[in-house]
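Let me begin by presenting the structure, written as structure tokens, before commenting on it.
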Amino acid sequence: MPELRELYDAILNGDHKTSAAVTREAIDAGIEPMELVSGYMVPAMDEVGKRFECEDYFIPELLLSARAMKAALELLRPLLAASGAKSAGRVVIGTVKGDLHDIGKNIVGAMLEGGGFEVIDLGADVAPQKFIAAIKERNPQLICLSALLTVTMPSMKTTIEAFKEAGVRDGVKVIVGGAPVTAEFAREIGADGFGENATAAVALARQLLQAA
Amino acid sequence: MSIAIRLEPLGTQVKTEPGAPLRDLLLPFGVEFPCGGKGRCRRCRVRVLEGDVDPGAGGDAADLEPGCMLACRARAAANATLEIGQFEAPILADDRPFSFEPRPGRAIAIDLGTTTVVAQLVDLATGAVLGVRTALNPQAAWGADVMTRIEHALHPEGRARLRDAIHAALDEMIASLCGNRQPDAVAICGNTAMLHLFDGLDPTPLSHAPFEPVHLESPNGFLPCIGGFVGSDILAGIVATGMHESGDLSVLIDLGTNGEVVVGNRERLLCASTAAGPAFEGGRISRGMRASTGAISEAAVEGDGIRCTVIGGGPARGICGSGLVDAVAAGLDLGRITPRGRTPQPLELADGLALTQADVRELQLAKAAIAGGVRALLHQLGAAPADVRRVWLAGAFGNYVNRASARRIGLLEFPEETVEPAGNTALLGAKIALFAPDPTFRGVRVIARHVPLGADPAFQDAYVDAMPFPDPKA
């Protein structure tokens, strides 16, 4: 019987080799994938988020923990799909057109994944059409838009307007984030919410999808 | 009769006699007299907050800000209060020798920085610098950083305002250097955004990915730029350091808000701009300030604590970039900051002045942008840090930063003996351009290539990898 607490520790310490090894052992021992996700992985990423909030963890630790979490998730994904386990929700995330900044968006994506969401990452410099195509094909409940420059923030507005024109805006919730973005700006451009940081984004995503 | 001169922001008072030169009074408090008290460089100006001071001959030149006078000329007259904090970053001029082809005439070399502008009048027959003027870039009124200014210039009226402001400032500097006689030539260097704002060009291409400007050249004396945010100031820096002529692999780092990095040799030069942010200039640091009176400029471990050096010797008011790098290096050596950057307790430096966890994080982001940029460019050349023979540090911060501390925090990952401060390479390069502009600069542009780091996944990895501090035990 594998020591499952090691999975929690491995994610918290950013050790992707151990997290994968423990997950493999657990699968072999016939442990339910959902038990690993909700019992160890989600709590570990919650703790990572808390440590980031209280400034114990910084960007490198966050990314290392995300990698360790993903290593475990990769192994579990086929099993989760086969068992028909329901995710907390399906999310499409991307940095808006004109902006190449990736790291903040990657962190939010990883925290959402760690929070039990299914995350489809479209990358950086994503045109509105690409978001719209993903909405039509993948049927997500939530869209996350990221921008790191004041000069690319208007691109968030353009993207949401394009959603309206394409008739897909009402079927999804849209949240925005990134260093220069404010709650006021989010309201102005007609977003459903604003995530001050990665942990706030996860909480907001849970709240919006519950209300929906 | 004895009178009292109160000095702000030091809060100290000195007793003296009417008629005593301010220079003698202020020198012990760190006010510098770079031109030797000739009333020329204006760097020693002080503001009279209260009372009367005799400006002396030429100490109240018309182009000084209201209430200001030159301390090198002025004399005490009655009880007074002076503000002696210098109002701007130390602006590096350059008077290093260079080889040139003499010809008759006088010309102007200008370093048009985002924050400061330096203009030199050069005698083309001797290469001698006949005069220097420094000023703050008046465009700063529309944003201290380049992006805010670009945003303002997206509209034609904003563009015109920014162009007119910098033209007026340069006209004034040139007129004050040359009088009625027009200069025979002008060479200006600055980053690509400055070129756009100087010529009133639409900066839209600089405001979004892929950040590829249409205009890299100007018909108005602005030297050609290399690409994206790598401008003619960097081209000038390459020419000034001679890295384009050397067979050895060398690195040029300009440590400003946009930390520009060049890596290569006479065959190939890769140039990139990294978003280092203003931490090295004291920006976004809780007690950060520019390198002026009252700033902690140096720090070192002493026993279990940290001993700080304050510019002017008075009480510490804040900390500047070089002090920040020193203090964090000392904090690491004392184990008060972990290699991951965790700072459980504020790092006490002086009475009521400490570095916080957030300050250390700011520095981590800034130094990772530079170190990650250098790593990514070396990687593209298939080279390792050990292959680098010479590292040039351009700009004021590069001049003052302690090389051992810079290595300790992982800002510079090279042995100290390979690192050399290069002064204001942009200004020296502009001066060289006055003599042999076209062939040299065009030749460098042929071998120099702009690398957009934002689009390079290897940079993102290198950036994150460079965020922790080096662990001597690892």
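Numbers restart at 1 for each chain; the letters A, B, ... are given by sequence-line order, proteins then strands.
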Check residues 192-201 of chain B and write down every donor-acceptor pair under 3.5 Å in which the side-chain atom is one partner and the other belongs to a residue at least two apart or another chain.
from, atom 1, to, atom 2, distance (Å)
B:Thr192, OG1, B:Gly227, O, 3.1
B:Thr192, OG1, B:Gly228, O, 2.9
B:Thr192, OG1, B:Val230, O, 3.3
B:His196, ND1, B:Thr192, O, 2.9
B:Asp199, OD1, B:Asn220, ND2, 2.6
B:Asp199, OD2, B:Ser218, OG, 2.7

Item to check | Per-residue contact mode, A:Asp99 against chain B (heavy atom under 4.5 angstrom) | outcome: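 Just its backbone gets close to chain B.
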Checklist entry - Quick one: what part of A:Leu149 sits under 4.5 Å from any heavy atom of chain B, side chain, backbone, both or neither? => result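 Side chain only.
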Next on the checklist: Using heavy-atom distances under 4.5 Å, tell me whether B:Ala368 contacts chain A through its side chain, its backbone, both, or neither.
Outcome noted: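 Contact with chain A is absent: no heavy atom of B:Ala368 under 4.5 Å.
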To the closest 0.5 Å, what do you measure between [atom1] ([X]) and [atom2] ([Y])?
X        : Y        : atom1 : atom2 : value
B:Glu151 : A:Thr150 : CD    : OG1   : 4.0 Å
B:Arg342 : A:Asp56  : CZ    : CG    : 4.5 Å
B:Arg340 : A:Tyr57  : CZ    : OH    : 6.0 Å
A:Leu100 : B:Phe459 : CG    : CZ    : 11.5 Å

Checklist entry - If every non-hydrogen atom of B:Ser207 is compared with every non-hydrogen atom of A:Val151, which pair is closest and at what distance? => result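 In terms of heavy atoms, the two residues are closest at O-CG2, 3.1 Å.
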Checklist entry - What pair of heavy atoms forms the shortest contact from B:Met467 to A:Pro60, and how long is it? => result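 Result for this residue pair: CB-CG, 3.4 Å.
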Checklist entry - Should we say atom CD of A:Glu53 is surrounded by more than 12 heavy atoms from elsewhere, each under 6.0 Å from it? => result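 Counting neighbours around CD of A:Glu53, more than 12 heavy atoms of other residues, nucleotides or ligands fall under 6.0 Å, so yes.
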Checklist entry - Do any N or O atoms from the side chain of B:Arg361 and from the backbone of A:Glu55 form a donor-acceptor pair under 3.5 angstrom? => result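 Between the backbone of A:Glu55 and the side chain of B:Arg361 there is a qualifying donor-acceptor contact (under 3.5 Å).
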